*Asks:* 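The following block contains the structure, expressed as structure tokens.
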Amino acid sequence: MYNTLSKRKEPFATVEAGKVGIYLCGPTVYDKAHIGHMVGPVIFDCIKRYLTYRGYKVNWVVNITDVDDKLIKKANERGISMLQVAEENIEDYQSNLAALGVDQIDHFPRATDCMPEIIAFVEELVKQGNAYESEGDVYFDVGKDAEYGKLSNRSIESMQGEGGSTGERKRHVADFALWKSAKPGEPSWESPWGAGRPGWHIECSAMSKKLLGETFDIHGGGLDLVFPHHENEIAQSECCHHKPMVLYWAHNGLLRKGGDSGKIGGGDAGEKMSRSKGAGGLADLIKRQGGERIRFFLLRTHYRSTVLFNEPAIEEAGTGLEAFYRLFKRYTRITGHDFYALKPNTHRSESKSDGEAASAAAEAASPAARCRERFIAAMDDDFNTGGAIGELFELSTITNKFCDEANLEGDGKNDMAAIAKFTSLLTTIKELANILGMFLKPPATAGKGDDLTAKLMPLVIEVRAAARKNKNFAVADKIRDTLGPLGIVLEDRAGGTEWSASQTGLGGTAPGDSAPGDSPGAKWSGAIMGLLIQLRADARAAKDFATGDMIRTRLGEIGVTLEDRAGGTEWTLA
RNA sequence: GGCGCCGUAGCCAAGUGGCUAAGGCAUCGGAUUGCAAAUCCGACAUCCCCGGUUCGAAUCCGGGCGGCGCCUCCA
């Protein structure tokens, strides 16, 4: 595991054997979250899943900073309380996390819930002589900390400047506030130094101590927190406890705006994402793309890398994801079972009986087993999710190939041994993907059409099947060519024709004007009705009244009435 | 200016001393299909440049060039 403090990868050894304590710096909740806030939670969600898979008991803490100058400012602007601002944004943050499948967090401490611990921490630092009171504020005295600067690799001497607005209260410009006195009207807590609130960094020292102890295993956060936030945390905690605060400091790379993303923030392409530069709209993004795509997009790259973010890149990731979803449907076609109901191993090695051990040994040399080994090797190497995902794709190819060669959708459909092997391959995919928090449950279906579309499509397929049977390929192709631009794809398979719909076709090619409030599904069903009416007209023109009547009858069964008028056929839904 | 990070195919991206440099997207062939889609097979990389260390370098060292982060609030 890479350690920011030593600037190298180190063997993984925990404070207490078999247990891991993780602290991740969460957001300051003065505004809505943006996608950059999701990078840390997603990777640490994977880290916890993987460590759990490898047999560790993991305790993961993500703090919420709900008291801060920016919250106060925001509350004043909006004429509501600081607490209300915090509540709103915490809800936004947590619903975004849930959408991305981040559900491994054990504790969500809030700064305002830990005031006694924070005040006690500051008192201890003052008592030990590492901090001093000044006009109601309390400052950490960096000069008393010989190791100050070791995380971000800088020296106190190099720190110049005027020390900010409170510069004259400090002994050294690099000293930072542990406690800030309250101005009239500001939210405050009573303390030995009068009414006030905590400085930005002290809460993390206090909360990590409270929940994980004086020395814990992993401390994470964005690369932009290394200085001053984490530098100051180390200083506070280690001066207070006289022992290492953290074994591994893990910082994730930052998201930058990609070239053709257009409107993700205010500034130029390539700039860092940040709320102060207008990034936002995470909830909308999730609505458009779905959480799993975004998660997959983030995990394709190693967590310490900078990621260029733009929406087309997320769509590209989604394209790769589709191949897995198709494989899962293939599994259902063949076995009648649901991929998501498979129950893979949740730990690296489940205990095996002697007989199983023998077959396991035989299987160990298989391509699939090698994929699993490489997947684990990748995760062992500083949580290399990008490398791990490559193995997942490799497994997908192996599985499809096996399926093709055993002809499981044809002559091989009764080959129970082959189907068992097939199922085992899918189970392996699920086992490994679940470590990444992927494929745990079916993705939220974004725009699979409305009820009417779902009812009309079987009829369309039936009409097309009849046409194909009669070698009337012009009609069959017309149907597919009409649906294609809408994003509806027809796939002819041994067992019949399947249809699937994607949001992408609705971009600019959907017929009619998109009145606000129109669901995508309504566009689909409208276009499909247009197609059916056209098909019926064509059939009648060709004196194929059987087909024409069949269309009308079947539409009637699903509640659609056709009326032939001089100007054309109109339809109404009962 | 100080402290760091990065430069691998059209794009994204693993690999950090040694088998044919993973994988994805896109593109182009082939198998399959009535035609498609899907699936499979195949094609597609002077590893930014120059020098050095080494039997051997994308990988280590030095020097360029180019991109970026932090040093102020930031995930």
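For clarity, every value in this text was computed on a predicted model and none was experimentally measured. Computed over heavy atoms, backbone and side chain alike; hydrogens, waters and symmetry mates excluded. The sequence lines fix the lettering, A, B, ..., with proteins before strands; numbering per chain opens at 1.
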*Asks:* With a non-hydrogen cut-off below 4.0 angstrom, is A/L225 in contact with a base, only sugar-phosphate, or nothing?
*Replies:*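 Counting heavy atoms under 4.0 Å across all strands, the contact made by A/L225 is with sugar-phosphate only.
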
*Asks:* If you look at every strand shown and take non-hydrogen atoms under 4.0 Å, does A/S155 touch a base, only sugar-phosphate, or nothing?
*Replies:* nothing

*Asks:* Remember a base hit wins even if backbone is also touched, and classify A/E394 as base, sugar-phosphate or nothing at under 4.0 Å, heavy atoms.
*Replies:*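 It contacts sugar-phosphate atoms only.
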
*Asks:* Report yes or no: do A/E10 and A/N3 form a side-chain donor-acceptor pair below 3.5 Å?
*Replies:*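 Yes, side-chain donor-acceptor contact under 3.5 Å.
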
*Asks:* Report yes if a donor N or O on one partner sits less than 3.5 Å from an acceptor N or O on the other, where the partners are the side chain of A/R468 and the base of B/G34; otherwise report no.
*Replies:* yes

*Asks:* Is the base of B/G34 touched by the side chain of A/D477 through a donor-acceptor pair closer than 3.5 angstrom?
*Replies:*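 Answer yes: a donor N or O sits under 3.5 Å from an acceptor.
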
*Asks:* How is A/H302 classified with respect to the nucleic acid when contacts are heavy atoms under 4.0 Å: base, sugar-phosphate, or nothing?
*Replies:* sugar-phosphate

*Asks:* Which part of the nucleic acid, if any, lies within contact of A/L490, taking any heavy atom under 4.0 Å across all strands shown: a base, the sugar-phosphate backbone alone, or nothing?
*Replies:* base

*Asks:* In the strands shown, is B/G1 matched to any nucleotide by a Watson-Crick or G-U wobble pair with both distances under 3.5 Å, and which?
*Replies:* B/C71

*Asks:* Regarding A/G220, tell me which of base, sugar-phosphate or nothing describes its non-hydrogen contacts under 4.0 Å with the strands shown.
*Replies:* nothing

*Asks:* By nearest nucleotide on RNA chain B, pick out whichever of A/R480 and A/G221 is the more 5' one.
*Replies:*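 Nearer the 5' end of the strand: A/R480.
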
*Asks:* I want to confirm an ordering. Mapping A/V489 and A/S305 to their closest nucleotides on RNA chain B, which one lands closer to the 5' end?
*Replies:*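 So the residue in question is A/S305.
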
*Asks:* Is any side-chain N or O of A/D492 under 3.5 Å from a base N or O of B/C35, one able to act as donor and the other as acceptor?
*Replies:* yes

*Asks:* With a non-hydrogen cut-off below 4.0 angstrom, is A/F393 in contact with a base, only sugar-phosphate, or nothing?
*Replies:* sugar-phosphate

*Asks:* For the pair made of NE2 in A/H230 and P in B/C71, what is the distance, rounded to whole Å?
*Replies:* 13 Å

*Asks:* Please state whether the phosphate of B/G4, meaning OP1 or OP2, lies under 4.0 angstrom from any side-chain nitrogen or oxygen of A/N153.
*Replies:*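 Yes.
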
*Asks:* Remember a base hit wins even if backbone is also touched, and classify A/R333 as base, sugar-phosphate or nothing at under 4.0 Å, heavy atoms.
*Replies:* nothing

